[in-house]
Amino acid sequence: MAIGEWVTDPYLNPSKIPLLRKQFIAAQPFPHLVLPQFLPPKKTRALVTAVSKEKFYAKESDLFQLKQTADLASTKNKQLADFRDLLYSQQFLWYMHELTGMWLAPRPVDLQGSLYEDTDYLLCHDDRVSGRTIAFLFYLSTMKQGQGGTLDLYSSRNGKPFKVSKQIIPSAGTLAFFEVSKKSFHAVSEVTSPAPRVAIGGWFHR
Amino acid sequence: MINPFYLTQEMLAEMRNTFTENPLVPSIQLQQAFTPKIYALIQQEARTLSLTRSTDPLHHSYASGSSKILTNLLNQPPFIDFIGTLLNKKVKGVSCTVFTLGWKDFTLLHDSHLEKPGYDFVVDATPLWDLSWGGSIVYVDGSGESTTIGSLPNTLLLAHRKKNVNKFIKYINHHAGKRTKTIIVGSLRF
């Protein structure tokens, strides 16, 4: 499938890519980008429908409370399989390389749907697990200010998270991604409303 | 000090049996553990104590402090003898810290803050609490097994924390509103 089916035109404009890469590298508190309306509305709607057919499993620990699908590496849902195949295709990985300057591998596929409902949360952590290079999220629902579910990026001091210095409010169709590093402390703030936070996210590995 | 209901030989025998039922975390939770007068004293002291707020996003968010009044009270023979009788061990004394947690507060498991094996006690001095708001104490071992203990006012939890078993306090969610949970967490000396 062509990348153009899944990515809106502004983000495929060759003249924009170097600027986006600069923004990524210079972003504070650590390299990241938030690309609103990255997915065409039709594809966003299709993914919402597809994800709603997946089984979500409640996950709970000291660090989090949320619901997740099984790894989409083996999904039988055609829409999700097409999306997965695009994300881990040479074409899209090259595109991500252009945006980040990083070389990314087509395997492993590390992709899941996530659902945060009222009182769900993910406390501060850095995502550092062997091989993870870029963490990404495609938001499939929109939250409003005050509803929670924000992606909170922490500044750091002496190698420890200091305070939330940026909050990203989910907006359907947005792609948000960041470099996984010893500085990439982040959290998902508690959802405080009936409105659910739905996303497909995962990691690219090197 | 202790509710007379728990002081009969029959109850002590039953409590000793209950204590050993959970292989992950041998424990027992006593509701209405203290007499009303003593509980009122505990609650009054714990809820009015001046506490220090502390936040480390990777480990905890809560207010805590120590109380000489509570430490002295809980080191008196009626309490330590009761615990010793229940555990069939000679308890020399206890140490304790008061914690208050509200919305967004929590503790996390972290490699740098693991506890040594031992015996915990937790006295809940919260006036009103709904377990769905969070704040429960969860014991976990390294294999993913866990035991959740949700305490209510005037409960006394006694737990034997074995090797590789640690505990955390579950995140308190927005439904708690402005209410806070106050617990006295301590350990036993033998």
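Note that the coordinates shown come from a computational prediction; the quantities given were computed from them, not determined experimentally. Order of the sequence lines fixes the chain letters, A, B, ..., with proteins taken first and strands second; residue numbering starts at 1 for each chain.
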To the nearest 0.5 Å, what is the distance between [atom1] on [X] and [atom2] on [Y]?
| X | Y | atom1 | atom2 | value |
| --- | --- | --- | --- | --- |
| K160(A) | D56(B) | NZ | CG | 6.0 Å |
| Y171(B) | L63(A) | OH | CG | 12.5 Å |
| H59(B) | D62(A) | NE2 | CG | 9.5 Å |

Shortest non-hydrogen contact from F64(A) toward K170(B): O-NZ, 4.4 Å
Closest heavy-atom contact between C124(A) and P57(B)? CB-O, 3.6 Å
Do other residues, nucleotides or ligands put more than 12 heavy atoms under 6.0 Å from [X] [atom1]?
| X | atom1 | result |
| --- | --- | --- |
| E115(B) | CD | yes |
| Q76(B) | CD | yes |
| L131(B) | CG | yes |
| Q31(B) | CD | no |
| E45(B) | CD | yes |
| R157(A) | CZ | no |

Counting only non-hydrogen atoms closer than 4.5 Å, does D126(A) touch chain B with its backbone (N, CA, C, O), its side chain (CB onward), both, or neither? neither
Chain B-proximal positions within residues 51-61 of chain A [heavy-atom distance under 4.5 Å]: E60(A), S61(A)
Taking a cut-off of under 4.5 angstrom between non-hydrogen atoms, the residues of residues 175-206 of chain A near chain B are F185(A), E190(A), V191(A), T192(A)
With sequence neighbours excluded, what pairs up with E14(B) under the side chain to side chain donor-acceptor pair (under 3.5 Å) test? none
Give the interface residues of residues 88-110 of chain B toward chain A, defined by a heavy-atom separation under 4.5 Å. W103(B), F106(B), T107(B), L108(B), L109(B)
